[in-house]
Amino acid sequence: MFQGIWIDKEDGQYRADVRGINKEQLPEGDVLVRVSHSTLNYKDALAITGASPVVRQFPMVPGIDFAGVVETSSHPDYKSGDSVVLNGWGVGEKHWGGLAEFARVSGDWLVPLQAPFTLRQAMAIGTAGYTAMLCVLALERHGVTPASGPVVVTGAAGGVGSVAVAVLAQLGYEVSAVTGRPEQADFLKRLGARHIVERAGLSAPGKPLAREQWAGAIDVAGGHVLANVCAAMRYRGVVAACGLASGMDFPATVAPFILRGVTLAGVDSVMAPRADRLQAWQRLARDLDPALLESLAQDATLADALTLAPQMLEGKVRGRVVVSVRG
Ligand code: NDP
């Protein structure tokens with residue numbers, strides 16, 4: 001038996017608790033991993049609370065990412081004792097995930113732990129941080145450099161946002177951090193943000209085009225926030241959109257795209273090709289200051305994750321939550 005978070009729907013009642021799980025119940029897969037750390041991502045909070053239909057089959061062990069050590073493997077790329085990381089691939093949604101002491105998965109979904117990260121550091125980054133780096137890479141792919149002009153990050157005090165601010169500042173960008181929590185201004189400045197922008201100024205319906213401010217943007221919010229960010233991009237600016245913390249809709253006009261040549265680049269971490277994953281993890285090792293990473297991470301147990309999940313959906317959790325699955 002091992003400990004894990006267990007989500008079930010019995011008699012229409014959605015429940016998540018920590019319980020003992022029999023190893024024989026683990027799903028099929030060619031690699032068995034002894035999980036060391038997982039994390040609480042926004043999607044995990046949706047899964048644990050049932051606020052959105054993230055879980056596709058029941059019962060489910062949530063956790064869209066994990067870091068751990070291979071216990072047994074029949075996959076050619078992995079052997080017992082290898083340190084590995086998993087992000088996405090539907091794990092924690094339709095295949096049992098990382099918020100448990102063991103996970104059995106396809107070896108094709110794993111990547112080796114990137115040096116010099118420890119297993120805990122890899123999960124302090126987690127899917128949120130790896131997605132932040134995919135967003136940075138999307139900006140670079142579309143030609144944005146620190147010389148292009150200032151960049152903006154929305155949801156800056158959250159998981160994706162805080163890593164994005166730290167990485168962009170380290171790369172030399174002038175970063176504006178959008179937050180609904182002005183009390184986090186000092187935290188964001190320590191991560192490297194030059195300017196703090198109040199979220200309220202971007203949350204209401206805005207004009208099709210606004211004053212040109214930013215050359216690049218990383219948006220985790222969607223909704224009016226994304227529409228207003230697009231409207232305030234400089235000529236040929238680039239917006240990497242990865243989230244829906246504000247909403248799934250996109251109440252915008254085409255004006256920024258057809259009059260200013262703005263590019264809207266979508267970023268998905270779940271099905272991203274292996275080469276992109278490896279590149280993102282290598283760049284995180286190069287461009288994320290380990291001291292800043294430590295400052296934006298908090299530690300939690302499996303039981304804590306249950307308590308923190310609703311708080312995360314209310315936008316009350318700062319930075320990243322690292323879950324030590326062994327307590
Ligand atoms: P967090 O909960 O850690 O952070 C989200 C942040 O968004 C909050 O901290 C808050 O920041 C801000 N926020 C909250 N509510 C609103 C609102 N109504 N309007 C605008 N901003 C708001 O989540 P993550 O950083 O882990 O994830 C952020 C988003 O990115 C989620 O929607 C998630 O699903 C998505 N995501 C997508 C991925 C992909 O593959 N495309 C991968 C990972 C995440 P503040 O208080 O500073 O304003």
Side-chain angles (χ1 to χ4, degrees), residues 38-49 51-52 54 63-65 87-93 123-135 137-138 152-166 175-189 191 193 196-204 217-229 240-251 264-273 276-277 280 296-298 300 305 308-323:
S38 182
T39 80
L40 189 66
N41 291 281
Y42 193 87
K43 203 183 255 178
D44 301 317
L46 291 173
I48 288 170
T49 57
S52 184
V54 165
I64 64 169
D65 49 20
N87 300 101
W89 296 116
V91 167
E93 301 179 61
M123 285 298 103
I125 295 167
T127 296
Y130 142 72
T131 303
M133 184 50 91
L134 290 178
C135 290
L137 293 171
V152 65
V153 176
T154 66
V160 175
S162 54
V163 176
V165 168
V175 182
S176 290
V178 177
T179 183
R181 290 179 279 180
E183 69 275 16
Q184 297 300 343
D186 286 345
F187 165 69
L188 292 168
K189 287 195 168 157
L191 294 181
I196 306 298
V197 178
E198 282 207 29
R199 187 208 296 165
L202 293 169
S203 296
I218 294 180
D219 178 67
V220 310
H224 288 302
V225 174
L226 175 57
N228 287 322
V229 164
C242 74
L244 43 59
S246 163
M248 184 86 139
D249 55 339
F250 181 42
L264 182 55
V267 172
D268 166 60
S269 67
V270 180
M271 303 304 290
D276 293 18
R277 292 166 185 266
L296 60 80
Q298 60 171 297
L308 288 166
Q311 295 174 23
M312 175 169 260
L313 297 185
E314 289 169 21
K316 290 183 179 158
V317 172
R318 184 177 92 173
R320 300 278 304 128
V321 177
V322 192
V323 181

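In listed order, ligands and their atoms are each counted from 1. All heavy atoms count here, side chains included; hydrogens, waters and symmetry mates do not. What you see is a predicted model; the values in this text were computed from it and never measured.
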Novice: Starting from atom 37 (C) of ligand 1, locate the nearest protein heavy atom and write down its residue, its atom name and how far away it is, to 0.1 Å.
Specialist: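 The closest heavy atom on the protein side is Cys242 O, 2.9 Å.
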Novice: Among all the protein's non-hydrogen atoms, which is closest to atom 26 (O) of ligand 1, and how far away is it?
Specialist: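 Protein heavy atom at minimum distance: Tyr42 N, 3.7 Å.
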Novice: Just by distance, do the side chain of Thr49 and the backbone of Ala51 share a donor-acceptor pair under 3.5 Å?
Specialist: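 Between the backbone of Ala51 and the side chain of Thr49 there is a qualifying donor-acceptor contact (under 3.5 Å).
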Novice: Sequence neighbours excluded, which residues qualify as salt bridge (charged side-chain N to carboxylate O under 4.0 Å, His left out) partners of Lys316?
Specialist: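 If we apply the salt bridge (charged side-chain N to carboxylate O under 4.0 Å, His left out) test to Lys316, skipping adjacent residues, the hits are Glu314.
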Novice: Among Thr154, Leu202, Val178, find the residue that satisfies the side chain to side chain contact (heavy atoms under 4.5 Å, CB included) test when tested with Asn228.
Specialist: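 So, applying the side chain to side chain contact (heavy atoms under 4.5 Å, CB included) to Asn228 and each of Thr154, Leu202, Val178, only Leu202 qualifies.
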Novice: Assess Arg318 against Phe187: is NZ or CZ under 6.0 Å from the centre of the six-membered ring, and within 45 degrees of the ring's axis?
Specialist: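 Yes, Arg318 lies over the aromatic ring of Phe187.
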Novice: Say whether, by atom type as modelled, one donor and one acceptor occur between the side chain of Arg320 and the main chain of Ser162 under 3.5 angstrom.
Specialist: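 Answer holds: no.
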Novice: Check each of Thr179, Thr154, Asp65 against atom 47 (O) of ligand 1 and report the one with the nearest heavy atom.
Specialist: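 Shortest heavy-atom distance from atom 47 (O) of ligand 1: Thr179.
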Novice: Which of the atoms in ligand 1, numbered in the order shown and given with their element, are less than 4.0 Å from a heavy-atom of Thr131?
Specialist: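 Under 4.0 Å from Thr131, ligand 1 has these atoms: 38 (C), 42 (C), 43 (C).
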Novice: In terms of atom number and element, which parts of ligand 1 are under 4.0 angstrom from non-hydrogen atoms of Gly159?
Specialist: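 Here the atoms of ligand 1 in question are 1 (P), 3 (O), 4 (O), 25 (O).
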Novice: Given Met312, Arg199, Glu183, which one has a non-hydrogen atom that is nearest to atom 17 (C) of ligand 1?
Specialist: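 Checking each option, the heavy atom nearest atom 17 (C) of ligand 1 is found in Arg199.
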Novice: Please list, in number order, the atoms of ligand 1 under 4.0 Å from a heavy atom of Val160.
Specialist: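 Contacts of ligand 1 toward Val160, numbered from 1: 24 (P), 25 (O), 27 (O), 44 (C).
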Novice: Is ligand 1 under 4.0 Å from a heavy atom in the side chain of Val220, in the backbone, in both, or in neither?
Specialist: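 Both parts.
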Novice: Look at atom 19 (N) of ligand 1 and say which protein heavy atom is nearest, naming residue and atom and giving the distance to 0.1 Å.
Specialist: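 The answer is Ser246 CB, 3.2 Å.
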Novice: Which atoms of ligand 1 are found less than 4.0 Å from any heavy atom of Gly243?
Specialist: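 Answer, ordered by atom number: 29 (C), 30 (O), 32 (O), 35 (C).
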Novice: Return the closest protein heavy atom for atom 46 (O) of ligand 1 as residue, atom name and distance.
Specialist: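 The closest one turns out to be Arg181 NE, 2.7 Å.
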Novice: Which residues pass the side chain to side chain donor-acceptor pair (under 3.5 Å) test with Asn87, not counting sequence neighbours?
Specialist: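 Asn87: side chain to side chain donor-acceptor pair (under 3.5 Å) contacts with Thr127, Trp281.
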Novice: How long is the straight-line distance from CG of Leu244 back to CZ of Phe250, given to the nearest 0.5 Å?
Specialist: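 One gets 13.5 Å once the value is rounded to the nearest 0.5 Å.
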Novice: Is it true that a side-chain atom of Ser38 and a backbone atom of Asp65 form a donor plus acceptor pair closer than 3.5 Å?
Specialist: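 Looks like yes, one N/O pair under 3.5 Å.
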Novice: Once you round to the nearest 0.5 Å, how far does OG of Ser246 lie from CZ of Arg199?
Specialist: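 The OG atom of Ser246 sits 7.5 Å away from the CZ atom of Arg199.
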Novice: To which protein heavy atom is atom 4 (O) of ligand 1 closest, and what is the distance rounded to 0.1 Å?
Specialist: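 Protein heavy atom with the smallest distance to atom 4 (O) of ligand 1: Gly158 CA, 3.3 Å.
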Novice: Are more than 12 heavy atoms from other residues, nucleotides or ligands located less than 6.0 Å from atom CD of Glu198?
Specialist: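 Not more than 12 within 6.0 Å, no.
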Novice: For ligand 1, which atoms have a heavy atom of Ala157 less than 4.0 angstrom away?
Specialist: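 What qualifies from ligand 1 is 47 (O).
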Novice: Counting only heavy atoms closer than 4.0 Å, does ligand 1 sit against the backbone of Ser269, its side chain, both, or neither?
Specialist: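 For Ser269, the contact with ligand 1 is made by both the backbone and the side chain.
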Novice: Heavy-atom distances under 4.0 Å are what count here, so tell me which part of Leu134 touches ligand 1: side chain, backbone, both or neither.
Specialist: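 No part of Leu134 is near ligand 1 at this cut-off.
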Novice: Considering both backbone and side-chain atoms of Val225, is one of its nitrogen or oxygen atoms within less than 3.5 Å of a nitrogen or oxygen in ligand 1?
Specialist: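 No, no N or O pair falls under 3.5 Å.
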Novice: Can you confirm, on distance only, whether ligand 1 has an N/O atom lying under 3.5 Å from any N/O atom belonging to Leu244?
Specialist: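 Yes - when backbone and side-chain N and O of Leu244 are compared with those of ligand 1, one distance drops under 3.5 Å.
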Novice: Taking only heavy atoms of Asp268, which atoms of ligand 1 are found under 4.0 Å from at least one of them?
Specialist: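 Numbered from 1, ligand 1 contributes 40 (O), 41 (N).
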Novice: In Å, rounded to the nearest 0.5 Å, how long is the span from CG of Asp44 to CG of Leu308?
Specialist: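 The CG atom of Leu308 is 12.0 Å from CG of Asp44, to the nearest 0.5 Å.
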Novice: Give me the residue, atom name and distance of the protein heavy atom closest to atom 11 (O) of ligand 1.
Specialist: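 It is Gly155 CA, 3.3 Å.
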Novice: Quick one: OH on Tyr130 to CE on Met123, what's the gap to the nearest 0.5 Å?
Specialist: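 Tyr130 OH to Met123 CE: 11.0 Å, rounded to 0.5 Å.
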